[in-house]
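For reference, the structure discussed in these notes is given below.
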Amino acid sequence: QVQVVESGGGLVQPGGSLRLSCAASGRILGINTMGWYRQAPGKEREAVAVMTSGGIANYADSLKGRFTISRDNAKNMVYLQMNSLKPEDTGVYFCNLRTMVNVYWGQGTQVTVSS
């Protein structure tokens with residue numbers, strides 16, 4: 001059974017930084033992409049950043065320059081460095097793992113940007 005677990009969320013002031021981590025474990029066959037999505041209160045879930053196993057990253061246009069995704073294929077981990085955070089970045093951040101045959105989600109980690 002595959003598990004996806006996020007960590008690193010919390011409360012941060014505007015302009016601050018956070019680093020999210022996601023660990024995937026279990027019988028994982030052929031990871032294709034790992035990435036991050038977020039859902040703000042009252043809004044739909046949206047893609048933040050994803051990275052292929054070959055290291056190609058794609059970002060939401062509005063987040064380029066502030067957020068950086070990275071991954072460690074050997075450890076099945078993906079990270080999201082978030083800088084210059086804004087109140088509108090508040091939401092639940094979900095890790096997503098896509099393999100050749102399935103899609104897995106973590107339970108989410110809350111990020112709150114507020115003074």
Side-chain angles (χ1 to χ4, degrees):
Q1 186 173 356
V2 175
Q3 286 189 319
V4 178
V5 180
E6 305 96 337
S7 61
L11 173 64
V12 63
Q13 292 187 341
S17 298
L18 278 177
R19 186 182 191 232
L20 305 182
S21 300
C22 171
S25 61
R27 191 181 182 197
I28 302 170
L29 301 177
I31 293 179
N32 187 356
T33 65
M34 294 185 75
W36 294 92
Y37 291 69
R38 70 183 183 184
Q39 188 165 17
K43 295 187 178 181
E44 294 186 353
R45 191 174 298 188
E46 62 177 358
V48 173
V50 295
M51 181 173 275
T52 69
S53 56
I56 298 173
N58 285 288
Y59 296 90
D61 287 341
S62 61
L63 301 177
K64 287 180 181 177
R66 295 194 298 121
F67 289 15
T68 303
I69 188 172
S70 59
R71 62 187 282 182
D72 184 334
N73 290 336
K75 296 181 179 179
N76 291 333
M77 293 196 69
V78 64
Y79 308 93
L80 185 69
Q81 178 67 43
M82 305 185 293
N83 298 327
S84 302
L85 283 162
K86 304 175 181 180
E88 52 263 42
D89 294 318
T90 294
V92 180
Y93 284 68
F94 297 91
C95 182
N96 173 273
L97 163 64
R98 294 178 182 270
T99 72
M100 298 293 288
V101 297
N102 217 331
V103 178
Y104 303 94
W105 291 92
Q107 80 288 350
T109 185
Q110 176 70 42
V111 171
T112 302
V113 184
S114 175
S115 55

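Residues take their numbers from the sequence shown, with the count starting at 1.
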Note, Met51 side chain near Met34 side chain (heavy atom, < 4.5 Å) = no

What do you reckon, is CD of Glu44 surrounded by more than 12 foreign heavy atoms closer than 6.0 Å?
-> no

Between Val78 and Cys95, is a side chain to side chain contact (heavy atoms under 4.5 Å, CB included) present by the stated rule, with each step listed?
-> CA-CA 8 Å; Val78 64; Cys95 182; 3.7 Å; yes

Within the side chain of Gln13, is there an N or O that forms a donor-acceptor pair under 3.5 Å with the backbone of Ser115?
-> no

Reported CG-to-OG distance for the pair Asn76 and Ser53, which is rounded to 0.5 angstrom | 11.0 Å

Spell out, as yes or no, whether a donor-acceptor pair under 3.5 Å connects the side chain of Glu6 to the backbone of Gln107.
-> yes

Name the one of Leu80, Ile69, Asp89 that satisfies side chain to side chain contact (heavy atoms under 4.5 Å, CB included) with Leu63?
-> Asp89

Say whether, by atom type as modelled, one donor and one acceptor occur between the side chain of Thr109 and the main chain of Ser7 under 3.5 angstrom.
-> no

Connected via hydrophobic side-chain network under 4.5 Å: Tyr59 and Val111 | yes

Same hydrophobic cluster for Val48 and Tyr104, using side-chain heavy-atom links shorter than 4.5 Å among ILVMFWY?
-> yes

Applying the 4.5 Å side-chain criterion to the ILVMFWY set and letting contacts propagate, would Val103 and Val50 be lumped into a single cluster?
-> yes

Leu20 and Tyr37: same hydrophobic cluster, using ILVMFWY side-chain contacts below 4.5 Å?
-> no

Which distance, rounded to the nearest 0.5 Å, do you find between the CG of Asn32 and the OG1 of Thr99?
-> 8.5 Å

Test log, rule side chain to side chain contact (heavy atoms under 4.5 Å, CB included), inputs Met82 and Trp36 | CA-CA 12 Å; Met82 305 185 293; Trp36 294 92; over 6 Å; no

Interatomic distance, CG@Asn83 vs CZ@Arg19, rounded to 0.5 Å, equals 11.5 Å

To the nearest 0.5 angstrom, please state how far the CZ atom of Arg98 sits from the CH2 atom of Trp105.
-> 6.5 Å

Just how far is it from atom OG1 of Thr90 to atom CD of Gln110, taken to the nearest 0.5 Å?
-> 7.0 Å

Before giving the answer on side chain to side chain contact (heavy atoms under 4.5 Å, CB included), spell out for Phe94 and Val4 the whole-Å C-alpha distance, their side-chain angles and the decisive distance to 0.1 Å.
-> CA-CA 9 Å; Phe94 297 91; Val4 178; over 6 Å; no

So, does Arg71 use its side chain to make a donor-acceptor pair with the main chain of Thr33 at under 3.5 Å?
-> no

Side chain to side chain contact (heavy atoms under 4.5 Å, CB included) evaluation trace for Val12 with Ser17 = CA-CA 7 Å; Val12 63; Ser17 298; over 6 Å; no

Tell me, do Ser21 and Met77 make a side-chain contact under 4.5 Å, heavy atoms counted?
-> yes

